[in-house]
Each structure stands twice: as C-alpha cells, then as structure tokens.
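The block underneath contains the structure these notes are about, expressed in structure tokens.
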Protein chains: 2
Amino acid sequence: MHRTVIKSLPLFETMSDADLDGLLAQATPRRVAQGEAVFKQGETATSFFLLLSGRLKVTQVTGDGQQIIVRVVHPGELFGFAKALARPDYPGTAMAVTDSMTLAWPSCLWSDFIGRTPLLAARTMQTLGRQLDEAHTRIREMSTQESERRVAHAILRLSGKAGRQEEAGIQIGFPISRRDIAEMTGTTLHTVSRILSAWNTQGLVEVGRQKIIIRDIPGLARLAEGKPE
Amino acid sequence: MHRTVIKSLPLFETMSDADLDGLLAQATPRRVAQGEAVFKQGETATSFFLLLSGRLKVTQVTGDGQQIIVRVVHPGELFGFAKALARPDYPGTAMAVTDSMTLAWPSCLWSDFIGRTPLLAARTMQTLGRQLDEAHTRIREMSTQESERRVAHAILRLSGKAGRQEEAGIQIGFPISRRDIAEMTGTTLHTVSRILSAWNTQGLVEVGRQKIIIRDIPGLARLAEGKPE
DNA sequence: CGCATTATTGAAGGAGTTCAACCTTGGTGG
DNA sequence: CCACCAAGGTTGAACTCCTTCAATAATGCG
C-alpha cells in the first residue's frame, strides 16, 4: 500500500521489489497526530522508524528541564535507530509537529535491515555522517556567531528542507513557534521574537503565529553570511 | 609488525588473522610529528586512517578565520573516513598534538573495508553514533550552560579518555592549551584562563603551561553538574 | 466566549567578549 | 651558556549582546 511511496525514496531505490515486499511485510504503519510523541526520551528502543509523511521534531531535555531540538525529521528519513548506536534506549523524544505517518520495524530487525543490501548500510552511514556534519555546523555557529546569524541560518536550512512556494514568498511548511527556533539555535524565544519582528519590519520575512514566510532569501542569506547590508 | 597492537583493538577483535593480514598488507604506516597535519580541511580525501598511538585534534575553520576543535582522536580510533559520508574532501584538519603513529588506507578500499566483516560496518556506525551523541551533548551544553560548567565537562571527558594517574592527581596525557579548551567549549582563551586560575586557587586543579592535573574529580564533577559547592 | 498558548516589548542586569598590557616559559642560536 | 624571542598565559577595564524578569497583547481552540 505504501509501496509506491517507499519505492521512490532514494534510500530504497536499488532494492528489488521482492526484498521491498519482505521488508514491508514486517513493518507496522502508524498515524501520529500533531503534538503526539512517537517515542519518548529514555524509553527502551523497541523499534526504529521511517517517516512517510508529516514532520517530526526530536528533542532532548537536560537534567534541569532545559529543552533543545536535536533534529527535524523530514519525510523519507529514518529515525529512532538507537540500535545503530548500540543504545538500549532512545536518546530523545520524537514529536509530530504536523499529522504524520510512520512505518515501524522491531529493533531486532535492524541488523537484518542493513544487512539486506550493503547499499542500505552505506546510505544509513551517510545519513549519520550528514547529521554529524550538521551538528558540527551548529556547534561552529554557536561558538562563533551572534544569534541573529544563527537564526538566519536555521530558517534558511528549514526553507530548503520544508519550504513551500506561496504568493507572498517561501513558507516553512509546518507550524513552528519562536520557542522552536530558540531551541534549535541556542537562544531564548524573546531574542528570536525580537529578531523576527525586526526582519518583518525590514520586509525580509512575514511572520505570524507559528508561521514564517521568507520574502527575501538573498537578503537573509547575506545576513547569515555576516555580510553588511 | 603492528599486528599485535591492532589485534587488541575492539574494532578488529572478531577478525581472523588472515583477514587482518590482508588488511594490513594494504595499509601504509606513517609517523606524524607533533604539530604536523595528517590531512587538511578541504583536501581531496585520498585515504582513511587509524590512529595507533599519540593524539590528534580535528579542527575546522570558519570563513572568517574562527577555529573550533571538532574532535580529539584517541589511539585505536578511525578518522578521516570522509568516504563514509560520500564526501569528496576532508571536512576538517587533523593535527598531531603529540608525536603519533597512523595507518592509512586508500579511500577506494573503504567499501571493501566495511564489507569485509559486517561487524566492522556496525562498529563504524556505532562510532559515528557516539560522535553524534557527543556533538549533541556539546550543543546542549552550549545552549544551556554557562562556560564554567562546559569547561568542567570538557576536562572531565578528556580525563576519562586520556587521563594519566600521577602523584598530584590525574593529568591530561597530552599537551593542551587554554586556546584548545576554548575551541572545544565555545568560549575564549581569556575566559578559560580565568576559570582555570580560579580552580587552581581553590585546589581543584593544578595548571601549568599546556598541562592540567585534576586534583579533585568529585569537586569538578559537582561543578559540571551545576551543583552548589 | 473564555482561557490557554503564543507572541511582543520594555527595562535591568550580568556573564562573557574584546581590547590591551604585561608576565612566564622554554627553545634556539649566536 | 645565556640572551632573546615567540608562544603561551594572566589579568584588568570597558563594553555589549543576550538573558532574565515582567507585564501586556494577540490568536485560536474547545
């Protein structure tokens, strides 16, 4: 039933129809409503997942209650593969920011999953590598850049991954709050609010409740690069 | 010649002697003097490496010349496996902080390398996962903690990986400057200097030129956890 | 319609950066 | 062998970006 969707994903493109069917036979589809969690930080990792549609955010909470957004999961991406890290539990909480569809496999099938096609293992490693690269980018930005540039970078990244062309500009294709952006950039919702308000006045973006439309991508990019206006 | 050393690494423990010999036959050993680079950021990734002895730091430079330390490589760890990310170039510079020994394989052997033993692929993925986890920890710390706690965490982590028991306490087993710590924690060498001086006065550590001896691990741990003294 | 969630904005305060000057240490070469 | 110098380290003072605290407004869901 999801065959055609999955078949079109780069992750599975080299897999034969028979193998794919075998894989799908063991998967459980699940609908996740907005605001609902697929799994919670610290829970035993019983499954790993593929996001078919919608959007998730993966968060971590620190001992003293502070929260950060570790990753945004886009359709076609694997998530919750704690077994790859040889971890018994999920390191974060995966929550739907829009109504989403996931496919779940039991964790014990992980080695089977990546053993099936050598390419699948390689692809997964590449995904991991890309995430690592992104994490290092965030670290670099947090170390060296002021918050306005970090927010600009974050929004540009989101627009690339989840941008929808509208008349007014490119809109981030899922609800996103000031707090979310703050948790992605290592600042406070107050600072984000001030920055977005300023950009709104300058005509760079158009903001609303849980909504951001980018009107001037090059302008934002210039800000992100730290160039003078 | 390095057989016994390598054989004892967890990475290769399940490999047969014959396979190991095959692998070693294709590897090139190389001595790297302190301060010398194994590879530089942006260079074409012609090889991937294993650190036999010594210690490396992997750094990245931003467009505007700011530098951060992405990772410290300890003996027995793989590094420079850009091919796993399907990257053509090295994302950072690997520099020896002590005289080191490395083993290099041509990049084209990477798929052969991880294909040889399924376990090797799994292990590499776990390594990648651990690095990702560590990166997220750094992001979390940089988002939520003041610099003193971050420095405490960084030093505790180093002492765990490279600590040497001395009479005065546990010494970090390689030369490390204030600047290095600043580049690992996202602050300035000035701030690190002030923090270490204060700790020195309090008897938590004993500092010297490129040298740190930890005298009170529990005390540092308490600081790292943000507990009141 | 009411209330919770999200967002805005002002004011005050502080942690850390930046700038700057000076001190230490160890290695090198005259 | 010791004088010098570069690299590493310390420390003060000013400043600033961002957080924190606080109060108010807008939005949309039940």
Side-chain angles (χ1 to χ4, degrees), chain A residues 33-36 57 62 64-69 95 97-99 141-152 154-155 172 174-202 205-213 223 226, chain B residues 33-35 57 62 64-69 95 97 99 141-152 154-155 172 174-202 205-213 223 226:
Chain A
Q34 180 169 354
E36 203 181 329
K57 61 178 176 186
T62 59
D64 51 333
Q66 292 269 43
Q67 188 171 108
I68 66 152
I69 294 185
M95 171 168 290
V97 293
T98 330
D99 291 354
E141 290 177 0
M142 292 181 63
S143 302
T144 63
Q145 301 174 2
E146 59 278 25
S147 49
E148 187 175 25
R149 287 181 64 179
R150 301 204 304 265
V151 173
I155 289 180
I172 306 296
F174 57 90
I176 184 163
S177 70
R178 307 290 181 271
R179 174 177 290 277
D180 288 331
I181 296 172
E183 288 173 0
M184 293 192 309
T185 53
T187 181
T188 62
L189 70 162
H190 307 279
T191 301
V192 174
S193 178
R194 285 182 232 273
I195 289 171
L196 288 183
S197 293
W199 289 354
N200 195 38
T201 309
Q202 294 165 43
V205 299
E206 197 181 312
V207 293
R209 195 189 179 77
Q210 310 229 80
K211 187 188 74 170
I212 297 172
I213 302 174
L223 261 182
Chain B
Q34 181 169 352
K57 61 178 176 185
T62 59
D64 51 333
Q66 293 269 43
Q67 189 172 107
I68 66 155
I69 294 184
M95 172 168 290
V97 293
D99 292 353
E141 289 177 359
M142 292 182 63
S143 301
T144 63
Q145 301 173 3
E146 59 278 26
S147 47
E148 188 176 27
R149 287 182 65 181
R150 301 205 303 264
V151 173
I155 289 180
I172 305 297
F174 57 89
I176 184 164
S177 70
R178 308 290 180 271
R179 174 177 290 277
D180 289 331
I181 296 172
E183 288 174 1
M184 294 193 307
T185 54
T187 181
T188 62
L189 70 162
H190 307 279
T191 301
V192 174
S193 177
R194 285 182 233 273
I195 290 171
L196 288 184
S197 294
W199 289 353
N200 196 37
T201 309
Q202 292 164 47
V205 299
E206 197 181 311
V207 293
R209 195 190 180 75
Q210 310 229 82
K211 185 188 75 167
I212 298 172
I213 301 173
L223 261 182

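Please read these numbers as outputs of a predicted model, since none were measured by experiment. Chain letters run A, B, ... following the sequence lines, proteins first and then strands; every chain starts at 1.
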For this session: Just call it for B/G35: base, sugar-phosphate, or nothing, with non-hydrogen atoms closer than 4.0 Å on any strand.
Result: nothing
Exercise. Using a cut-off of less than 4.0 Å, is there contact between a side-chain N or O of A/S193 and OP1 or OP2 of C/dT8?
Worked result: yes
Exercise. For the pair made of CD in A/E183 and P in C/dA7, what is the distance, rounded to whole Å?
Worked result: 12 Å
For this session: Round to a whole Å and report the spacing from CG of A/L196 to P of C/dT6.
Result: 16 Å
For this session: Check whether any side-chain nitrogen or oxygen of B/S147 sits under 4.0 Å from OP1 or OP2 of C/dG16, and answer yes or no.
Result: yes
For this session: Check every strand shown and say whether A/T191 touches a base, only sugar-phosphate, or nothing at a heavy-atom separation below 4.0 Å.
Result: base
For this session: Start with the C-alpha distance between B/I155 and B/W199, add both sets of side-chain angles, then the distance that settles side-chain contact (heavy atoms from CB on, under 4.5 Å), and finish with yes or no.
Result: CA-CA 12 Å; B/I155 289 180; B/W199 289 353; 3.9 Å; yes
Seminar exercise, completed: Here the distance between atom P of C/dA7 and atom CD1 of A/I176, to the nearest Å, is 10 Å
Problem set entry | Nearest atoms (heavy-atom pairs only) where B/S143 meets A/G186 | OG-CA, 3.7 Å
Problem set entry | Residues that B/S177 engages under side chain to side chain donor-acceptor pair (under 3.5 Å), provided they are two or more places apart | B/D180
For this session: Go through the steps for B/L196 and B/I181 under the test side-chain contact (heavy atoms from CB on, under 4.5 Å), then give the verdict.
Result: CA-CA 10 Å; B/L196 288 184; B/I181 296 172; 4.3 Å; yes
Exercise. Does the side chain of B/K57 reach to within under 4.5 Å of the side chain of B/I176, using non-hydrogen atoms?
Worked result: no
Can you pull every protein N or O that's under 3.5 Å from an N or O on nucleotides 19-24 of chain C?
none

Problem set entry | Least distance between heavy atoms, B/Q34 atom then B/D99 atom | N-OD1, 2.8 Å
For this session: Please round to 10 degrees the angle between the axis of the first five pairs and the axis of the last five pairs in the helix from C/dC1-D/dG30 to C/dG30-D/dC1.
Result: 40°
Exercise. Which is it for A/E141 and A/T185 under the side-chain contact (heavy atoms from CB on, under 4.5 Å) test, yes or no, and what are the steps along the way?
Worked result: CA-CA 9 Å; A/E141 290 177 0; A/T185 53; over 6 Å; no
Seminar exercise, completed: Whole-Å distance, A/Q145 CD to C/dT17 C1', equals 16 Å
Problem set entry | Integer-rounded Å distance: C/dT8 P and A/L189 CG | 10 Å
For this session: State which residues pass side-chain contact (heavy atoms from CB on, under 4.5 Å) with A/S197; sequence neighbours excluded, sorted by chain then number.
Result: A/S193
Exercise. How close or far is atom C1' of C/dT17 from atom CD of A/E146, stated in whole angstroms?
Worked result: 12 Å
For this session: Might you point out which heavy atoms bring B/T187 and B/R150 nearest each other, and give the distance in Å?
Result: CB-NH2, 4.1 Å
Exercise. Looking across every strand, which nucleic acid part, if any, lies under 4.0 Å from A/S177 by heavy atom: base, sugar-phosphate, or nothing?
Worked result: sugar-phosphate
Problem set entry | Residues in side chain to side chain donor-acceptor pair (under 3.5 Å) contact with A/T62, at least two apart in sequence or another chain | A/D64
For this session: Quick one: pull up CD in A/Q66 and CD in A/E183 and give me the separation to the nearest 0.5 Å.
Result: 8.5 Å
Problem set entry | Contact boundaries on DNA chain D for chain B, cut-off under 4.0 Å to non-hydrogen atoms | D/dA7 to D/dA13
